[in-house]
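Computed from a prediction, not measured in an experiment: that's the story for all the values here. One is the number of the first residue; the rest follow in order along the sequence. When a ligand or atom number is given, it counts from 1 through the structure's own listing order.
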Amino acid sequence: MAKQPNLYAFGDVDHLAKSLRKYLLQCQSTGVERHNAFKVAVSGGSLPTTLAKALLAPSDENGFVDFSKWEIFFADERAVPLDHEDSNYKLLKDELLDKIPADLGKPVVHPIDVKYMDDVQGMADQYQDAIMKSFAAKDSVKIPIFDLLLLGCGPDGHTCSLFPGHELLRESDAWVAPIEDSPKPPAKRITLTLPVVTHGAKIAFVATGDGKRDILRQILDTEEGRSLPCGLVNEGGAERVSWFTDTGAVEGASWEIMSDDPQFEIN
Ligand SMILES: O=C1O[C@H](COP(=O)(O)O)[C@@H](O)[C@H](O)[C@H]1O
């Protein structure tokens, strides 16, 4: 039987954040062992707030966050200035980056190059080059393997800027692609493509609150949900995918919920 993603549900966001922290520390260790760095792609939306809760908590028995080893890329970004309210970079900066205590070190962060604001293809190409340099990828290297992709799930089942039914879901060459007709504003964005997302060493979705319940039930329990972008990530990433949810978001779903115990070992 094909291996399935892991579904974790917690009573509230505080408990979720505690387990997410443990998971992140495990991913950090694996990344540092692999290439002396932790290469992570981060989404916008509701994710950065929960991420900050997990990462800015005091060090505990699970270890400490060594931001000096972190290299942060954006799983998707909107083609807006870096100080614009719609910018995923600004969101992460406000929620997390500006609040990192000096003793935890400074991550290397890769924002978009704003000189390509009117040329999203150029912006996507530049971002792909930045990833290629970081992974020291020669042309022969087919795909970058991020240590972790941190993803959100929109109410329509989109993730990154990969939207249901959009032709970008079929992109198989580019690592980063432009989109000029995003159904969710702003229309112009860049996004990691599905093959890059599904090749991640680990892939984590964070989806909380009653507002996510209907779409989660669809993704996790129905045939049509499997063809939504989040469903395609589940299919491609299988057991490398973990969903961090709260009980509000998964009530009624028939998938096995693996644990709500913060001491569990994360797959
Ligand atoms: O537009 C976007 O939406 C998704 C989902 O956001 P959420 O607020 O529903 O969690 C987000 O993951 C993506 O990065 C963002 O650009």
Verdict with supporting geometry, Phe73 and Phe146, ring pair (Phe, Tyr, Trp, His ring centres under 6.0 Å): CA-CA 10 Å; Phe73 289 89; Phe146 282 93; 5.7 Å; yes
Distance-only side-chain donor-acceptor flag, Gln121 / Asp125, under 3.5 Å: yes
Donor-acceptor side-chain pairing of Asp76 and Ser161 below 3.5 angstrom: yes
Whether over 12 other heavy atoms sit under 6.0 Å from Glu235 CD: no
Tyr127/Tyr116 under ring pair (Phe, Tyr, Trp, His ring centres under 6.0 Å): CA gap, chis, key distance, verdict: CA-CA 10 Å; Tyr127 210 70; Tyr116 294 103; over 10 Å; no
At under 4.0 Å between heavy atoms, which part of [X] makes contact with ligand 1: side chain, backbone, both or neither?
X: His158; answer: side chain
X: Cys153; answer: backbone
X: Thr159; answer: neither

So which protein heavy atom does [atom] come closest to, and at what separation?
atom: atom 1 (O) of ligand 1; value: Arg78 NH2, 2.8 Å
atom: atom 9 (O) of ligand 1; value: Lys212 NZ, 2.7 Å
atom: atom 8 (O) of ligand 1; value: Ser46 N, 3.1 Å

Non-hydrogen atom of Asp76 closer than 4.0 Å to ligand 1: yes
Sub-3.5 Å N/O-N/O distance, Gly45 and ligand 1: no
Proximal atoms of ligand 1 relative to Arg189 (non-hydrogen, under 4.0 Å): 1 (O), 2 (C), 16 (O)
Atoms of ligand 1, numbered as shown, that sit under 4.0 Å from any heavy atom of Ser43: 12 (O), 14 (O)
Carboxylate-amine/guanidinium proximity below 4.0 Å for Arg213 and Asp210: yes
NZ or CZ of Lys106 within 45° of Phe67 ring axis and under 6.0 Å: no
